[in-house]
Undergrad: 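Take a look at this one; I'll ask things after.
Below, all heavy atoms of this structure are taken into account, side chains as well, without hydrogens, waters or symmetry copies. Proteins come first, then strands; the chains are lettered A, B, ... in the order of their sequence lines, and each starts at number 1.
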There are 2 protein chains.
Amino acid sequence: MTMALNVLSRSCPSNSVLELIAGKWNMLVVYALRDGTLRYSQLHTAIEGISQKMLTQTLRDLERDGLVARRVYPVVPPHTEYCLTPLGRSLQEVVVQMGCWAEQHMMEVLSARADYDGQGRTMPG
Amino acid sequence: MTMALNVLSRSCPSNSVLELIAGKWNMLVVYALRDGTLRYSQLHTAIEGISQKMLTQTLRDLERDGLVARRVYPVVPPHTEYCLTPLGRSLQEVVVQMGCWAEQHMMEVLSARADYDGQGRTMPG
DNA sequence: CGGAATCCCGAGGGATACTG
DNA sequence: CAGTATCCCTCGGGATTCCG
């Protein structure tokens with residue numbers, strides 16, 4: 001019964017923690033902040049295809065989980081900056097590795113997909 | 001304009017590759033296969049809370065992407081085994097690190113959530 | 001045992017409009 | 001600029017049933 005610490009177990013908090021990472025945009029935001037502080041609009045530009053709704057929501061989630069720090073400057077027009085917390089930077093190391101893996105192995109994945117789809121599974125017109 | 005290789009760019013294949021990792025169950029399946037070969041039912045048991053539909057679908061996706069190998073023994077009752085391919089094992093290293101991060105830092109995340117929710121955001125009845 | 005097929009609901013998430 | 005609020009629709013994914 002000593003299976004407490006296990007990401008595969010729903011009863012283990014690490015499982016829900018892992019879910020937060022698995023979100024579609026979470027990793028990309030952490031990845032985008034790898035070089036330092038960015039403003040909201042800069043994040044919006046850096047992460048292609050993200051809507052403001054999702055960007056805001058993702059940032060709130062990451063802030064809530066202690067991974068991202070938000071600093072608001074009370075000026076007009078508004079100025080808001082985001083950066084990783086120490087906890088966020090510890091995760092960032094793994095996220096960057098994940099990004100590197102994706103960049104390094106994307107061609108293998110693509111060719112695997114091509115093979116798989118070419119084995120008689122394509123839909124002829 | 002030399003920003004080709006970038007997981008943040010939708011036009012870069014690595015971006016879609018990263019998406020496949022971000023799926024809710026993909027990482028857990030790769031993680032579950034870290035120790036070697038498992039049968040369908042063993043995976044179903046190991047990964048708490050996954051439905052057979054999602055397990056099958058996730059395995060198909062990972063097989064299609066060249067991360068998981070499927071071996072079917074033509075016996076009755078059926079016997080099917082799954083294991084990581086070399087490509088899958090290269091990803092597995094990063095996934096295991098992600099799992100370790102989740103296990104090591106889950107308490108920090110939990111306490112951050114408690115702090116955030118305690119700052120006047122809870123909904124009193 | 002290892003799936004495939006079907007049904008169906010709720011959340012995820014985009015588009016748009018508005019605001020301090 | 002940095003959000004919030006609302007609408008609305010897709011599809012992720014659970015439950016169930018059937019099959020070789």
Undergrad: Grab the two heavy atoms, one from B:Leu87 and one from B:Asp65, that are nearest each other, plus how far apart they are.
TA: CD2-O, 3.8 Å
Undergrad: Check this one for me: any side-chain N or O of B:Arg39 less than 4.0 Å away from OP1 or OP2 of C:dG2?
TA: yes
Undergrad: For residues A:Pro13 and B:Leu110, report the shortest heavy-atom separation together with the two atoms involved.
TA: CB-CD2, 3.8 Å
Undergrad: Just checking B:Tyr73: base, sugar-phosphate only, or nothing, at a heavy-atom cut-off of under 4.0 Å?
TA: nothing
Undergrad: So which one's nearest nucleotide on DNA chain C is more toward 5', B:Arg60 or A:Trp25?
TA: B:Arg60
Undergrad: Check B:Leu55, B:Ile47, B:Leu62, B:Asp61 against B:Trp25 for a side chain to side chain contact (heavy atoms under 4.5 Å, CB included) and give me the one that passes.
TA: B:Ile47
Undergrad: Rounded off to whole Å, could you give me the CG-to-C1' distance for the A:Leu38 and D:dG3 pair?
TA: 17 Å
Undergrad: State whether B:Tyr116 and B:Arg113 meet the cation-pi test: NZ (Lys) or CZ (Arg) under 6.0 Å from the six-membered ring centroid, and within 45° of the perpendicular axis.
TA: no
Undergrad: Can you tell me how far C1' of C:dG12 sits from CG of A:Asn26, to the nearest Å?
TA: 13 Å
Undergrad: Write down the distance between NE2 (B:His44) and C1' (D:dG14), rounded to a whole number of angstrom.
TA: 11 Å
Undergrad: Please walk me through it: do A:Leu28 and B:Leu8 pass side chain to side chain contact (heavy atoms under 4.5 Å, CB included)?
TA: CA-CA 7 Å; A:Leu28 290 180; B:Leu8 297 178; 3.8 Å; yes
Undergrad: Would you call B:Arg64 and A:Asp117 a salt bridge, taking side-chain N to carboxylate O under 4.0 Å as the test?
TA: yes
Undergrad: Could you state the CG-C1' distance from A:Asp61 to C:dA11, rounded to the nearest angstrom?
TA: 14 Å
Undergrad: Could you tell me how far apart B:Glu19 (CD) and C:dG13 (P) are, to the nearest whole angstrom?
TA: 10 Å
Undergrad: Please report the distance, rounded to the nearest Å, between CD in A:Gln57 and C1' in C:dG14.
TA: 12 Å
Undergrad: Over how many whole Å does the gap from B:Leu59 atom CG to C:dA4 atom P extend?
TA: 10 Å
Undergrad: Walk along nucleotides 15-20 of chain D from 5' to 3' and tag each nucleotide B, S or - by protein heavy-atom contact under 4.0 Å, base first, then sugar-phosphate.
TA: BBB--B
Undergrad: Under 4.0 Å from OP1 or OP2 of D:dT4: is there any side-chain N or O of A:Tyr40 that close?
TA: no
Undergrad: Can you tell me if B:Ser41 touches the phosphate of C:dG2, counting only side-chain N or O atoms and a distance under 4.0 Å to OP1 or OP2?
TA: yes
Undergrad: Output every pair passing ring-ring contact (aromatic ring centres under 6.0 Å, His included) with a member in residues 38-81 of chain A, not counting sequence neighbours, ordered by first then second residue.
TA: A:Tyr73-A:His79
Undergrad: Rounded to whole angstrom units, what separation is found between the CG atom of A:Leu55 and the P atom of C:dG14?
TA: 11 Å
